[in-house]
Protein chains: 2
Amino acid sequence: EATIVYSISLAFLLFLLKWLELRFIIFHKSFEIYIGAIAVIFTALGIWLALKLFRRDAFGTKPKVKTIVVEKAVYITNENFFLNTSLVSELELSKRELEILSLLAEGYSNQEIASKLFVSLSTVKTHNQNLFEKLEVKRRTQAVEKAKRLHLIP
Amino acid sequence: EATIVYSISLAFLLFLLKWLELRFIIFHKSFEIYIGAIAVIFTALGIWLALKLFRRDAFGTKPKVKTIVVEKAVYITNENFFLNTSLVSELELSKRELEILSLLAEGYSNQEIASKLFVSLSTVKTHNQNLFEKLEVKRRTQAVEKAKRLHLIP
DNA sequence: CAAGCCCTCATACTTTGGTAGCAAAATAAG
DNA sequence: CTTATTTTGCTACCAAAGTATGAGGGCTTG
């Protein structure tokens with residue numbers, strides 16, 4: 001589109017030049033002025049063309065690289081729970097202990113846990129003992145509270 | 001700066017033209033070609049100047065819009081806890097019961113709760129009974145789990 | 001004021017939980 | 001294979017939690 005306009009403009013200008021040539025042929029001394037006029041006109045044409053072709057706003061202000069920073073809220077809930085593994089190793093909690101910890105948090109009794117894990121009540125009690133000692137608590141309810149707080153369980 | 005370059009370029013080109021004029025004076029027939037060459041040269045100069053002046057990248061492509069999405073972690077903690085009041089009234093939980101429920105969640109024993117609230121152990125036990133019945137649970141640990149799940153406590 | 005609810009407390013009893021100490025398998029690590 | 005850790009299990013005792021039932025005082029409301 002712009003190219004067509006340019007072509008037409010060019011043709012028109014060449015025609016204008018031809019006319020000027022005929023008209024100012026007598027002013028042989030002003031040949032340089034003539035050339036200068038052409039230079040100026042075509043420079044302007046070039047500038048206009050550049051602006052047109054590259055579809056810039058006529059003002060040519062600052063670079064148009066807009067940086068839009070969008071803050072996306074990521075809600076951290078139980079859904080995206082990640083085990084605090086470093087703390088687990090620090091407290092030297094075993095797999096089984098963590099397993100039992102989860103079941104404690106879900107409100108199961110020792111007997112229920114024993115049944116679920118196919119072990120005896122004694123075993124669960126032993127695990128509890130070790131668990132409470134490692135977590136430095138006295139009761140299962142405290143263990144659950146602390147474990148949740150330390151992200152050991154969801 | 002660019003203006004200076006332009007001026008110098010213009011001067012140089014005019015000089016070149018003068019030289020060309022002298023050299024191609026014999027080719028009188030190619031006067032139009034000469035003019036055309038000037039037109040093309042100055043058009044190019046104009047384009048270059050426009051790009052230079054308005055500090056565009058030479059490619060002049062589309063405006064670049066950089067969208068940076070920053071993921072911001074929003075931790076859902078006690079801070080944005082709102083009591084599920086409708087559920088409280090639905091379950092007919094009293095103030096005192098909710099109070100005790102919170103203390104249960106924090107891992108306190110019945111005796112500790114009694115001391116904190118300046119009531120007897122019996123009273124706490126009674127509250128617990130009513131609480132468990134209303135929440136339809138059997139143990140304090142289940143009560144805490146359910147209460148947290150139902151947003152009755154943080 | 002009587003009815004209803006909440007908070008309080010008590011007794012007696014049952015169940016569950018927690019402590020202490022010990023020890024045998026199973027598994028992992030060297 | 002040996003050593004260390006984990007998992008499992010036991011007995012016995014004590015502490016805490018939970019159940020059932022009753023009851024008195026305070027407060028609100030029809």
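Proteins come first, then strands; the chains are lettered A, B, ... in the order of their sequence lines, and each starts at number 1.
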Test Ile113(A) against Asn128(A) for side-chain contact (heavy atoms from CB on, under 4.5 Å), laying out the working first. CA-CA 11 Å; Ile113(A) 293 172; Asn128(A) 284 351; 5.6 Å; no
CD of Gln111(B) versus P of dA10(C): gap in Å, rounded? 11 Å
Should Leu121(A) and Tyr108(A) be regarded as members of a common hydrophobic cluster, given that ILVMFWY residues are connected when their side-chain heavy atoms come within less than 4.5 Å of each other, either directly or indirectly? no
Round to the nearest Å and state the distance from Gln129(A) atom CD to dG9(D) atom P. 15 Å
With a 3.5 Å cut-off and heavy atoms only, can you find an N or O donor on one side and an acceptor on the other between the side chain of Thr126(B) and the base of dC9(C)? yes
Side chain of Arg140(A) - closest among dA20(D), dT19(C), dG18(C): dG18(C)
In whole angstroms, how far is the P atom of dT7(D) from the CD atom of Glu97(A)? 6 Å
Heavy atoms only, 4.0 Å cut-off, all strands: where does Ser109(B) land among base, sugar-phosphate and nothing? sugar-phosphate
Whole angstroms only, please: what is the CG-C1' distance between Asn128(A) and dT19(C)? 12 Å
Please give, in whole Å, the distance from dG18(D) C1' to Leu121(B) CG? 11 Å
In whole Å, what is the span from the CD atom of Glu92(B) to the C1' atom of dC5(C)? 10 Å
Check whether any side-chain nitrogen or oxygen of Ser122(B) sits under 4.0 Å from OP1 or OP2 of dT8(C), and answer yes or no. no
Whole-Å distance separating the CD1 atom of Ile100(B) from the P atom of dC7(C): 9 Å
Got a donor-acceptor contact below 3.5 angstrom from the Lys146(B) side chain to the Val137(B) backbone? no
Contact nearer the 5' end of DNA chain C, comparing Ser94(B) with Thr141(B): Ser94(B)
If only atom types and distance count, is the side chain of Lys134(A) paired as donor or acceptor with the main-chain N or O of Leu93(A) below 3.5 Å? no
Is any side-chain nitrogen or oxygen of Arg139(B) closer than 4.0 Å to OP1 or OP2 of dA17(D)? no
Any side-chain N or O of Asn110(A) below 4.0 angstrom from OP1/OP2 of dG17(C)? yes
Would you say His127(B) places a side-chain N or O within less than 4.0 Å of OP1 or OP2 belonging to dT8(C)? yes
Starting from C1' on dC5(C), measure out to CG on Asn130(B) and report it in whole angstrom. 11 Å
Hydrophobic cluster membership, with links at side-chain heavy-atom distances under 4.5 Å among I/L/V/M/F/W/Y: are Leu103(B) and Leu91(B) in one? yes
Which part of the nucleic acid does Lys125(A) contact within heavy-atom distance under 4.0 Å: base, sugar-phosphate only, or nothing? base
In terms of side-chain heavy atoms of Thr123(A), which of dG9(D), dA10(C), dG18(C) is nearest? dG9(D)
Measure from the side chain of Phe132(B), starting at C-beta and using heavy atoms only, and say which of dC9(C), dT19(D), dC7(C) lies closest. dT19(D)
With a 4.0 Å cutoff (strictly under), does any side-chain N or O of Arg96(A) reach OP1 or OP2 of dT6(D)? no
